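Because the structure is a prediction, the values reported are computed rather than measured. So that the names make sense, note that chain A is the first sequence line, chain B the second, and so on, each numbered from 1.
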Amino acid sequence: MASPTFRAPKGTRDIMWPDAARWRALGQVFAQTVEEAGYTQVIPPMFENIEVFKRLGDATDVVSKEMYDFEDKGGRHMALRPEQTASIVRAFVEHRPLIPWKAWYSGPNFRYERAQKGRYRQFDQVGIEALGPEDPHLDVEVIALAWRFYQRLGLSQITLMLNSLGSGDDRERFIEALQAHFAAHQNELSEASRTTLAVNPLRVLDSKREQDQAIIDSAPKMLDFLSPEAAEHFEKVQQGLDALDIPYTLNPRLVRGLDYYVRTTFEFISDAFDAAQNAVGGGGRYDGLAESLGGPATPGVGFALGVDRTLLACDAEETFPGPTNVVDLFVIDTTGGQAALALTAALHEEGHRADRSWDNRSMKAQMKAADRSGAQIALIIGEEEAASDTVTVRDLRGQSGQTTVPRTQVNETLRKMMR
RNA sequence: GUGGUCGUAGCUCAGCUCGGUUAGAGCACCUGGUUGUGGUCCAGGAUGUCGGGGGUUCAAAUCCCCUCGGUCACCCCA
């Protein structure tokens, strides 16, 4: 690669056509899917006072190590959002909409980390948050919406991983038991996991290191520590998923990175692509978050889905393809360009997608450009057409050949050919 | 933050081991064959700070050091 003076910052990239068009199409499918269920869009700012994100928990790397934080000109300590749940809940606390409040969002997030497949410093997420009800069927709705979204994209190789972290107290008791277990086997644990153990014992369960697997397998299971209430909630979530025929896999080792999760947690894994970053989405309950942001104690549940990773999964499953052409019509004018100027504008007025060639190039060059544009039909104006106020309409893809019609009949001819 | 690996034309890559004339191929692009017709074919053409900097040498794409970037994994997470 020649070395351009400037390039997109590390860990970022330019999304260009056709990817950008596909990106937008994905967003449209998502918006439609969740709006069908009554979720309304929120567009929060991309940065917040850093304290908003610190409420997510100091033990998470997202907060402690990966934040793009800065001091603004007014001396305020701000940060680019590493995720949007905190912003949405902050907005909830600030505006106090009626509950249940069901919101959806879409947009970029920022985390300072080393890029790899499916992981970027600026990455897009779409998601929903539902605040108010404690009803386990709300958990089910949230999961079902993500599931429906994936299905509408044509993804079939998605596994739903499900777990419950219990209520706050259950979690405490579980962590104690976990600590005892790992402490007893400390010498067998990897060095990295011993460090993790000191900071956040739950996360040791997430280790991918070979050395740790046996000890993790023999560790106590969260599900054994659920209080009767939490167990009942979780049971109802499962029954609800069963009722909707949504398949899931119970995974007692599923502990999600953000500290705020309690009770139901879930993750969507793509089995179609071979990469470490195969979690295409995840979420759960965060019953304490509103309170920690200064609002009334309000239960909440939601998910975030990674747009980049979801599209990687689509690539792997060869589904949800991007567009193949940007225009349907292409105007060719070998008489100087004046005719193309007028005809192209007229076509746009009619709502057609039409492009044209420039610089008064040869017929051959213009035909080539027409072919390359992906257009179905070329509208040709040469000396003859210009003299007789006609246009030659040529089918570039089918067997219709070409026909020369008066300028006034172009629209009618196009209607017939495009049907 | 740690480790592996890779940077040569717009793209995919050869050349580097063992330094030596003007740095190559395919695709794409442009022009012509076909002064009114693309997608096939033929002929010709344009395009490179060999990622950047420094060093060794008579001589560096090639050897050494540093650096930047891509990529993959750990970590973390979507």
What N/O pairs connect the protein and nucleotides 39-44 of chain B at under 3.5 Å? Give each pair on its own line.
unit_1, atom_1, unit_2, atom_2, d
B/G39, O4', A/D371, OD2, 3.2

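Residue contacts shown for A/G11 are limited to sugar-phosphate atoms, with no base heavy atom under 4.0 Å away. Counting any heavy atom pair closer than 4.0 Å across all strands shown, A/F303 reaches no nucleic acid atom. Within 4.0 Å of A/G127, counting heavy atoms only, lies no atom of the nucleic acid at all. Backbone-only contact: A/R361 has heavy atoms under 4.0 Å from sugar-phosphate atoms and none from a base. The residue A/E384 sits close to a base: some heavy atom pair falls under 4.0 Å. Looking at heavy-atom distances under 4.0 Å, A/E267 makes no contact with the nucleic acid at all. At a threshold of 4.0 angstrom between heavy atoms, the contacts of A/E385 include nucleobase atoms, whether or not backbone atoms are also involved. The residue A/A276 sits close only to the backbone: its heavy atoms come under 4.0 Å of sugar-phosphate atoms, none of a base. Using a 4.0 Å heavy-atom criterion, one finds that A/I380 contacts the bases of the nucleic acid, with or without backbone contacts as well. Note on A/A275: only backbone sugar-phosphate atoms sit closer than 4.0 angstrom, heavy atoms only; bases stay farther off.
Between the CG atom of A/L205 and the C1' atom of B/C76 there is a distance of 15 Å, rounded to whole Å. The CZ-C1' distance, from A/F123 to B/C77, rounds to 7 Å in whole Å. Regarding A/D61, its CG atom lies at a distance of 6 Å from the P atom of B/C76, rounded to whole Å. Rounded to whole angstrom, the span from the CD atom of A/Q277 across to the P atom of B/U71 amounts to 13 Å. For A/L56 and B/C77, the CG to C1' distance is 13 Å, given to the nearest whole Å. Between the P atom of B/G70 and the CZ atom of A/R13 lies a distance of 12 Å, rounded to the nearest Å. Going from atom CE of A/M67 over to atom C1' of B/G1 covers 17 Å, rounded to whole Å. One interatomic measurement links the two molecules: OH of A/Y261 to P of B/C77, which rounds to 11 Å at whole-angstrom precision.
Taking atom P in both B/G26 and B/C68, the straight-line distance is 37 Å, to the nearest Å. For the C1' atoms, the distance from B/G3 to B/A59 is 37 Å, rounded to whole Å. A gap of 44 Å separates the C1' atoms of B/A78 and B/G38, to the nearest Å. The separation of B/G70 from B/C27, taken at their P atoms, amounts to 31 Å, rounded to a whole angstrom. Separation of the P atoms belonging to B/C6 and B/G15 is 13 Å when rounded to the nearest angstrom. When the P atom is used for both B/G19 and B/C64, the distance is 11 Å, rounded to whole Å. Here, B/U31 and B/U47 have their P atoms 16 Å apart, quoted to the whole Å. The P atoms of B/U34 and B/G39 are separated by 15 Å, rounded to the nearest whole Å.
For A/K117, the side-chain atoms get nearest to B/C72 when compared with the rest of B/C76, B/U37, B/C72. Taking only side-chain atoms of A/A365, from C-beta outward, the nucleotide of B/C75, B/A78, B/U31 with the closest atom is B/U31. Counting only heavy atoms from C-beta on, A/R119 has its side chain closest to B/C74 among B/C77, B/C74, B/U37. Across B/G3, B/U71, B/A73, the shortest atom-to-atom separation from the side chain of A/R114 is found for B/G3. For A/K10, taking side-chain heavy atoms from C-beta onward, the closest of the listed nucleotides B/C75, B/C29, B/G70 is B/G70. Nearest nucleotide to the side chain of A/S207, out of B/U37, B/C75, B/A78: B/C75.
Ionic pairing of A/D315 and A/R22 is present here: one or more N-O contacts between side-chain nitrogen and carboxylate oxygen are shorter than 4.0 angstrom. A salt bridge links A/D217 with A/R253: the closest approach of a Lys/Arg side-chain nitrogen to an acidic carboxylate oxygen falls below 4.0 angstrom.
A/Y248 and A/D242 share a side-chain donor-acceptor pair at under 3.5 Å. A/T392 and A/T404 share a side-chain donor-acceptor pair at under 3.5 Å. Between A/Q122 and A/Y68, the side chains place no donor N or O within less than 3.5 Å of an acceptor N or O (distance only, hydrogens not considered). Residues A/Q376 and A/D395 have side chains that never bring a donor and an acceptor to within less than 3.5 angstrom of each other. In this model, a donor atom of one side chain and an acceptor atom of the other lie less than 3.5 Å apart for A/Y286 and A/E129. In the model, A/N109 has a side-chain atom that pairs as donor or acceptor with a side-chain atom of A/Q125 under 3.5 Å. Residues A/T335 and A/D333 have side chains that bring a donor and an acceptor to within less than 3.5 angstrom of each other. A/T159 and A/D271 share a side-chain donor-acceptor pair at under 3.5 Å.
The 5' end of RNA chain B is approached more closely, in terms of each residue's nearest nucleotide, by A/I381 than by the other of A/I381 and A/D124.
Between B/A28 and A/R372, no contact under 4.0 Å exists linking OP1 or OP2 to a side-chain N or O. Regarding contacts with the backbone of B/A73, a side-chain N or O of A/Q116 is found under 4.0 angstrom from either OP1 or OP2.
The pairing partner recorded for B/G1 is B/C74, the criterion being a Watson-Crick or G-U wobble arrangement whose two distances lie under 3.5 angstrom. In a base pair of the Watson-Crick type (N1 to N3 plus N6-O4 or O6-N4) or a G-U wobble (N1-O2 and O6-N3), with each distance short of 3.5 Å, B/U17 is matched with no nucleotide. The partner of B/U56 cannot be assigned: no Watson-Crick or G-U wobble pair with both contacts below 3.5 Å exists in any strand. The base-pairing partner of B/G45, taking Watson-Crick or G-U wobble contacts with both distances under 3.5 Å, is B/C29.
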**Request:** Carefully, step by step, assess A/R90 and A/E48 under the rule salt bridge (Lys or Arg N to Asp or Glu O under 4.0 Å).
**Result:** CA-CA 10 Å; A/R90 190 227 80 228; A/E48 300 268 1; 2.5 Å; yes

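Not a single donor-acceptor pair, N or O on each side, falls under 3.5 Å between the base of B/U37 and the side chain of A/Q366. Not a single donor-acceptor pair, N or O on each side, falls under 3.5 Å between the base of B/A73 and the side chain of A/E113. With hydrogens and angles left out, the side chain of A/R309 and the base of B/C77 share a donor-acceptor pair within 3.5 Å.
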